[in-house]
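Right, one structure below, let's go through it.
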Amino acid sequence: EREREGEREREREREEREREGEGEGERGEREREGERGRERERERERGREGEREREREREGEGERGREREGEREREREREREGERERGREGERERGREREGEKERGREKERGREREGEREREREIERERERERESEESEVRPESLSPEELEMLKEAVYERKKLVQGLRGKPWPMKEKLVTLRESQEFVEKYEGALGKGKGRKIYAYKVMMSKKWMKFQRDFENFKTACIPWEMKIKEIESHFGSSVASYFIFLRWMYGINMILFCLTFGLVMVPEALMGRPYGTIPRKTVPRAEAASAMDFAVLWDFGGYAQYSVLFYGYYNNQRAIGWLKFRMPLSYFLVGVGTVAYSYMVVIRTMARNANESGVGDDNSFNFSWKMFTSWDYLIGNPETADNKFASITTSFKEAILEEQESCKDDNIHLTRFLRVLANFLVLCCLAGSGYLIYFVVRRSQKFALEGLETHTWWERNEVNMVMSLLGMFCPMLFDVISALENYHPRVALQWQLGRIFALFLGNLYTFIIALMDEINLKREEEKIIKFNITMWEASLYNATGSENSTALPVTFHPADVPRGPCWETMVGQEFVRLIISDTMTTYITLLIGDFLRAVLVRFLNYCWCWDLEAGFPSYSEFDVSGNVLGLIFNQGMIWMGAFYAPCLPALNVLRLHVSMYLQCWAVMCCNVPQERVFKASGSNNFYMAMLLVILFLSTLPAIYTIVTIPPSFDCGPFSGKKRMFDVIQETLESDFPAWFSKVFSYASNPGLVLPFILLMVLAIYYLQSTSKSYKEANVDLKKKLQTVPETRLSFFSHLAPLLLLLCAFGYTGIKFAV
Amino acid sequence: SSALMVSPAIALAFIPLLLTIIIRCRYYFVLFYRAVLVRIWKDCVTGLSREERAYQYVLTHATPGDPDSILDAFDVWCSKVEFISNIGPKKGKILDRLLMEQSPLTVLELGAHCGYSTVRIARSLPLGARLYSLEMDARNAAIAEKIIRLAGFDDDTVELIVNPSDEVIPLLRSDYGLERLDFVFMDHWKKCYLPDLQMLEGSGLLRKGSMIVADNVLFPGAPKFLRYIRKSGLYEWKVHRATLEYSKGIRDGMAELVYQGIK
């Protein structure tokens, strides 16, 4: 390339010489041309003088000029942003250039042209100097002859083209920059002169508008950033605490978005239509508070437990009627209820998987182990930190991580402590397992006890005993992770690995708790169903007795109408399940907030103000301020979401509650983090952890839809409450709709399509497609890894070859030469 | 059962918290046991003070005239037998390094206790240097005197002053004829760090480049002292992070201040 450069340089010089000769010739010609030519020349000069004047003016307007500069800069930046694409284009171009000699020739020609232009400019400058004393009057570019104008136009066009294609040119950067600046100046200078009169004005207007447009676009970008909710808050936290803490808040915001959509679905398609168009409160038994509960239905304690009026409202499954179409819209309520229930889950699956796929693309292939020190050296800084204290911490943590890595390297070379480490890790896992088993047993015990209490009647027991299950679950969920954290100090893992272990353990704990809860709930459902059978029998007896009492006189007339509050009714297990989940969510939220206030805020206040009169340093010493617990918070969020997915079918109010909760916790936690937490001592990057969260979310989604689907599919709905009452199974609503709302052929097609003979091959096809896609992606990944390896190795060897061998070869040559000389 | 407010299951749920606290604070519990319980028990059993017991051990286990063996004997006793809050071997190394770099001629030590740190400083002083060591408690000072002489340092090298620091510091210039202090080591009452520092500033003995080293600024801790040096722009300072002497898990620090004077 250097050779080629040299060639080009030489050629350019030759060309310059030629051009100079030509220029002189031209001047001679022009002189010979006589008066007209000189006059035109002078006029042109005057025009140029005017241009210069204008330029000076432009320079005078410093601000605008600077602004323009800034804009140009920004433009360049934007160009840089689009670098990849253009780079690819440039690559292609370069390849093409290399391929064809003709192409190179053309390139040279273009270079020559550029040189010519530069030369012409220089000439103009010289002439300007010569005729500086000439009259200074306003001369417009109309005075230019059409040919010259054409030439100028062409030159400007050429410059523009040059600027556009500059990126792909195989020149050194210095030359590129110089050319870019020159041609931009040229374009700026002469473009204005091209239009005539009206055209010029339009041109100026166009330029102005384009600038305005650019400014608007920039402002719009800023506006768009400002529109992202909580962006500034999260950025601030990121600057103080590093990306691992920020990743939690980003996750929280993402979760908020999803819940917003779930809320819109349930609120808009289920709750509002029922409230507006369904039969009003008090018309039928399922929409009325029973007589026995009516006295206490408005008490706060009852409402807080979601009983009373809260239970008999749109918030819960039992309130909905099984009327097929409601209101003047003929809104298919049961169908809508079912489809929304399925749709929320389907939407969640879609979103989680799509996000996972996108993240997987970003993360690429990385092996952390092979170039440990290089990774540490070049990638350990978190560029988002903007706070000096955090930067200090980060600096310290990088230093310690280097020390640790060096120590680790030495340890691995020594390899003697491996048995101890292994033993400690096994011990830690054993302890964690013990803890998990203990907590599981405790919850099982508590659930059993609560069932006993329920059989005895809840009124005889204290508040503590009634809320035992929730309390124990919340407390265990709060304290066990702390214990795990302490135990994990034994294992001596890298913080990122340690975080994943910690997450896994807390995950197991929460999952165990949740499933114990669900099993207990299943038992309760079965109890309720037994109860329901008895009540159903009693009701038929009751109706029969009524019928006998009245029907003896007139069999066709309706019996005495009862107030709906007096009609006996079944236990409605669906509402019970919904209530349980709502209560769980509420108690969980309360625990989270109280922990936040006591564990973080109160502790911070105590540490801060008791420090004035304490015998040791509370801030730097033992209690200190708390760190933000990323793993615990993320898992809390994930499990909370799992409970929402599980319970949303039986309590349509759950997404609304969750949106509220997330909204509050966003503000509360942002405040708490900035106010009472200190940056983690071992700050680490959390770039890869997002997908880990997503994977956990997916698992939880699956595990939480499992029981929900199980109950929907296997347990028949209650006979006197909810949108599916009177049906054998909840999903019968689909069949009903197909039969009554669609034409006959459609249901026929549907029945054919749902034939196992068609479904099975389809599933087989899908499995094959998945297998195919998976194998291709695997091969792509391998290819990627290979290419990466090549990228890593090839330049190295080439570089080292040249840098090491070239001087050696030179030396050898020199020695050989001297040797030959001596010999001669 | 209604008298029992909280059900046993809820109480059981607090066990993980209890375990966490016990594990987190185990070093403090151990320290409490060794520094307080064992001390009280031994005091009752032997009838001697802790320092006297330490002196007996050192006398029987160390070579007279050899500061290193005396220090080693102290370290063994403090880590194996009982606990005395000397500066300890790890932080002592930092102190040694600072003394080597500084090679001070006039050194002031606040709080000699039983002479461990005095011996430690004295052995790494250059020729002709003089160490003034302050101890408030007369019994401790007697033991410190014995230890110092046992290590082989005479009156010209180490001068032990039995008085509280707030009385001695104003008299240093007049009674002891000191012009300047090159090095000050603080290891006495943590509450006295700040007033003594201010007194030293007021006495005019500190010059540009004088070094002040304060032990135990994080545990038991001298928060006011740290806050003061952070605020007053008189010092270039840093805290050497280490662990508490003869204990692995308790974080402690040693503050190193270099007096810059008023700029």
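Here is how names work: the chains are called A, B, and so on, in the same order as the sequence lines, proteins then strands, and each is numbered from 1. Small disclaimer: the values here were computed from a predicted structure and weren't measured.
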Proximal component of A:Cys435, with respect to chain B [non-hydrogen, under 4.5 Å]:
neither
With a 4.5 angstrom heavy-atom cut-off, is it the side chain or the backbone of A:Met482 that approaches chain B, or both, or neither?
both
Could you check whether A:Arg449 pairs with A:Glu468 (Lys NZ or Arg NE/NH1/NH2 to Asp/Glu carboxylate O, under 4.0 Å)?
yes
Option that, when pairs with chain A are counted at under 4.5 Å, heavy atom only, ranks first among B:Ile250, B:Leu12, B:Leu18
B:Leu12
Over 60° means perpendicular and under 30° means parallel, so tell me whether A:Phe479 and B:Phe14 are parallel, tilted or perpendicular.
tilted
Classify the side-chain pair A:Tyr625/A:Asp600 by whether it contains a donor and acceptor separated by less than 3.5 Å.
no
Does any backbone or side-chain atom of B:Lys190 lie under 4.5 Å from a heavy atom of chain A? Answer side chain, backbone, both or neither.
neither
Under 3.5 Å: donor-acceptor pair, side chain of B:Ser117, backbone of B:Ile87
no
